[in-house]
Novice: 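Sharing a structure below in structure tokens format, with a few things to ask.
Just so it is clear, the values below take in all heavy atoms, side chains as well, and ignore hydrogens, waters and symmetry mates. In what follows, chains are A, B, ... by sequence order, proteins preceding strands, each numbered from 1.
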Amino acid sequence: AQKVTQAQTEISVVEKEDVTLDCVYETRDTTYYLFWYKQPPSGELVFLIRRNSFDEQNEISGRYSWNFQKSTSSFNFTITASQVVDSAVYFCALSEADRGSTLGRLYFGRGTQLTVWP
Amino acid sequence: DTAVSQTPKYLVTQMGNDKSIKCEQNLGHDTMYWYKQDSKKFLKIMFSYNNKELIINETVPNRFSPKSPDKAHLNLHINSLELGDSAVYFCASSQRLAGFYNEQFFGPGTRLTVL
């Protein structure tokens with residue numbers, strides 16, 4: 001079973017629209033980290049945010065905001081007033097506690113391709 | 001200053017050849033990784049080294065051999081390249097802290113094309 005599910009494979013919006021990218025995760029650990037990465041057309045993977053499982057406060061950074069809900073095992077990402085430069089593949093990832101079977105690996109979702117049209 | 005660098009950025013080669021990809025990080029991290037990203041963008045971990053010790057070795061053909069000469073370097077050697085090896089290979093690094101590994105920082109990727 002996949003540990004991180006990004007059900008939206010592709011989303012298209014027009015500039016200035018708000019868009020939310022969904023991420024649902026699965027873990028039995030009580031302590032874990034969640035991440036979002038951005039992969040623009042140029043191909044590099046850019047770290048956006050890390051969230052500790054004990055911190056359910058929503059986070060806002062400019063036009064980006066993240067909503068972490070442990071009750072629904074979701075860590076959704078919203079871009080407000082989207083811009084063409086936001087066009088990219090966005091990955092959600094999970095990291096569990098450091099033990100023999102996991103050792104710091106990131107479990108990535110399959111990514112959501114966001115296209116923002118002018 | 002580049003944090004995680006990889007060389008080469010592009011690699012085009014014939015089936016059956018042997019090739020290497022090099023990775024270096026200047027972040028002072030103690031853990032480094034190799035990922036493979038297929039044509040559908042799926043990111044799959046291949047190997048991980050912590051302080052030069054191999055700690056993750058996924059189900060990868062033994063034609064792939066990582067080598068970590070020191071904490072700042074992790075190279076990937078591939079023998080007898082096959083068409084299915086064509087992909088983008090990413091190197092990453094992170095710092096282990098109190099039972100967790102912090103966020104991973106990725107290199108720019110190496111696009112390998114096997115003809």
Novice: Is there side-chain contact between B/Phe106 and A/Tyr37, with at least one heavy-atom pair below 4.5 Å?
Specialist: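 With C-beta onward as the side chain, the pair touches.
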Novice: Any side-chain heavy-atom pair from A/Phe108 and B/Gln37 closer than 4.5 angstrom?
Specialist: no
Novice: Is there a continuous path of hydrophobic side-chain contacts, each under 4.5 Å between heavy atoms, that joins B/Phe64 to B/Leu54?
Specialist: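 They do share one cluster, since a chain of ILVMFWY contacts under 4.5 Å joins B/Phe64 to B/Leu54.
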Novice: Would you say B/Lys22 has more than 12 foreign heavy atoms packed within less than 6.0 Å of its NZ?
Specialist: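 Incorrect, the count does not exceed 12.
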Novice: Under a 4.5 Å side-chain heavy-atom rule over Ile, Leu, Val, Met, Phe, Trp and Tyr, are A/Tyr107 and A/Ile49 clustered together?
Specialist: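 Yes: a chain of side-chain contacts under 4.5 Å links A/Tyr107 to A/Ile49.
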Novice: Rounded to the nearest 0.5 Å, what's the gap from CZ on A/Arg50 to OG on B/Ser94? Could you check?
Specialist: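 If we round to the nearest 0.5 Å, A/Arg50:CZ and B/Ser94:OG are 10.5 Å apart.
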Novice: If two hydrophobic side chains count as joined below 4.5 Å and joins carry through other members, does B/Val114 share a cluster with B/Val60?
Specialist: yes
Novice: Are B/Phe90 and B/Ile55 connected in a single hydrophobic cluster, I mean Ile/Leu/Val/Met/Phe/Trp/Tyr linked by side-chain heavy atoms less than 4.5 Å apart?
Specialist: yes
Novice: With heavy-atom distances below 4.5 Å as the criterion, would you say the side chains of B/Lys41 and A/Gln39 are in contact?
Specialist: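 Heavy-atom side-chain distance check passes, below 4.5 Å.
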Novice: Find the distance between CD1 (B/Ile56) and CZ (A/Arg105) and round it off to the nearest 0.5 Å.
Specialist: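 These two atoms lie 4.0 Å from each other.
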Novice: Roughly how far, to the nearest 0.5 Å, is the CD atom of B/Glu103 from the CZ atom of A/Phe35?
Specialist: 6.0 Å
Novice: Is there a path from A/Phe77 to A/Val13 through hydrophobic residues (I, L, V, M, F, W, Y) whose side chains come within less than 4.5 Å of each other?
Specialist: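 In one cluster with A/Phe77: A/Val13, yes.
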Novice: A side-chain contact here means heavy atoms from C-beta on lying under 4.5 Å apart; do A/Leu106 and B/Tyr35 qualify?
Specialist: yes
